[in-house]
Amino acid sequence: MAAARAFGVLMGFERKDQYLASGDVVGVVASARTFGSYIHLRKSDGAWYVVSVTSPIINTISPGANSQVGSRIVVKALALSSAQYLAIMQVNDSKLTPGTALTKGAHHYSGPATSIGANAKVGVYSGKIAFSPRRHQWGYLLVLATNTGGVVEAAQSIRISN
């Protein structure tokens, strides 16, 4: 639970948000809305590590988990008028890079209906973020849905590598 809470604060969830544990998955319910994000943990040598974060309203299309990040981040997300979508990169143990706002494309998502709502409520967002990995570099990509006050309402994180 401590690892999940620490990562949640790093991502921008409020300290008062509710955390619910179920095995190696901890659910975070943002106090601003009822969206749930799920922090997936793994135990190694007696310590817990965050391995990914998932959200029912955010799906990173590009890059995929454990793949290289090019210059464009593509995300399918629930198109809420009050939410802004943002991508942040961390490489190795460096500080988080400044966030890149994801903008909604002119075309709508035309795939099958998903668990996050009907097709009309799904948008395709994209943005550019710099990441040119060198040998043995690793990191993670955070995609955040924030309200107008900058408070995180939902998040997704995937591990990336070279």
Side-chain angles (χ1 to χ4, degrees), residues 3-4 7-14 17-42 49-91 96-131 133 138-148 150-162:
F7 199 75
V9 169
L10 173 70
M11 286 190 299
F13 283 109
E14 292 187 307
D17 288 340
Q18 186 178 11
Y19 286 74
L20 307 168
S22 176
D24 58 355
V25 177
V26 176
V28 183
V29 180
S31 57
R33 291 188 187 263
T34 57
F35 301 138
S37 295
Y38 304 93
I39 299 175
H40 302 265
L41 305 165
R42 182 172 296 143
Y49 295 89
V50 174
V51 293
S52 67
V53 179
T54 58
S55 167
I57 70 162
I58 300 172
N59 180 24
T60 302
I61 299 169
S62 170
N66 292 316
S67 70
Q68 234 172 246
V69 173
S71 62
R72 183 161 293 278
I73 305 298
V74 180
V75 172
K76 178 176 67 178
L78 187 64
L80 300 168
S81 59
S82 62
Q84 301 167 355
Y85 293 92
L86 180 72
I88 297 174
M89 179 76 65
Q90 181 174 9
V91 180
L96 293 175
T97 60
T100 298
L102 301 178
T103 56
K104 188 175 180 183
H107 62 283
H108 295 290
Y109 173 69
S110 58
T114 69
S115 62
I116 62 176
N119 293 338
K121 296 182 181 178
V122 177
V124 177
Y125 292 75
S126 65
K128 293 182 179 179
I129 195 165
F131 176 63
W138 60 270
Y140 56 87
L141 170 69
L142 293 173
V143 178
L144 309 172
T146 63
N147 64 21
T148 53
V151 175
V152 172
E153 296 182 346
Q156 186 201 57
S157 176
I158 60 169
R159 180 180 168 84
I160 49 145
S161 67
N162 66 347

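Computed from a predicted model, the values in this text were never measured in an experiment. Starting from 1, each residue takes its place in the sequence as its number.
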What is the minimum heavy-atom distance between V53 and F7, and which atoms define it? CG2-CE2, 3.7 Å
To the nearest 0.5 Å, tell me how far L142 CG sits from T60 OG1. 9.5 Å
Between S37 and V28, is there a donor-acceptor pair closer than 3.5 Å when you use the side chain of the first and the backbone of the second? no
Supply the atom-to-atom distance T103 OG1 to Y125 OH, rounded to the nearest 0.5 angstrom. 9.5 Å
Scanning both residues in full, the closest heavy-atom pair of A145 with I58 reads N-CD1, 4.1 Å
Hey, what do you get for OG (S55) to CD1 (I39), rounding to the nearest 0.5 Å? 11.5 Å
Which heavy atom of I73 sits nearest a heavy atom of P63, and at what distance? CD1-CD, 3.9 Å
How long is the span from the CG atom in L141 to the CZ atom in R159, to the nearest 0.5 Å? 13.0 Å
Which heavy atom in I57 sits nearest to a heavy atom in A154, and how many Å separate them? CD1-CB, 3.7 Å
Looking only at non-hydrogen atoms, find the nearest pair between N147 and E153 and report the distance. CB-OE2, 3.0 Å
On a heavy-atom basis, the closest approach of Y19 and V9 is OH-N, 4.2 Å
Is the shortest side-chain heavy-atom distance between S62 and V75 below 4.5 Å? no
Are S126 and V74 close enough that some pair of their side-chain heavy atoms sits under 4.5 Å apart? yes
CG of N59 to CD1 of I158: how many Å apart, nearest 0.5 Å? 9.5 Å
Quick one: OG1 on T100 to NZ on K128, what's the gap to the nearest 0.5 Å? 11.0 Å
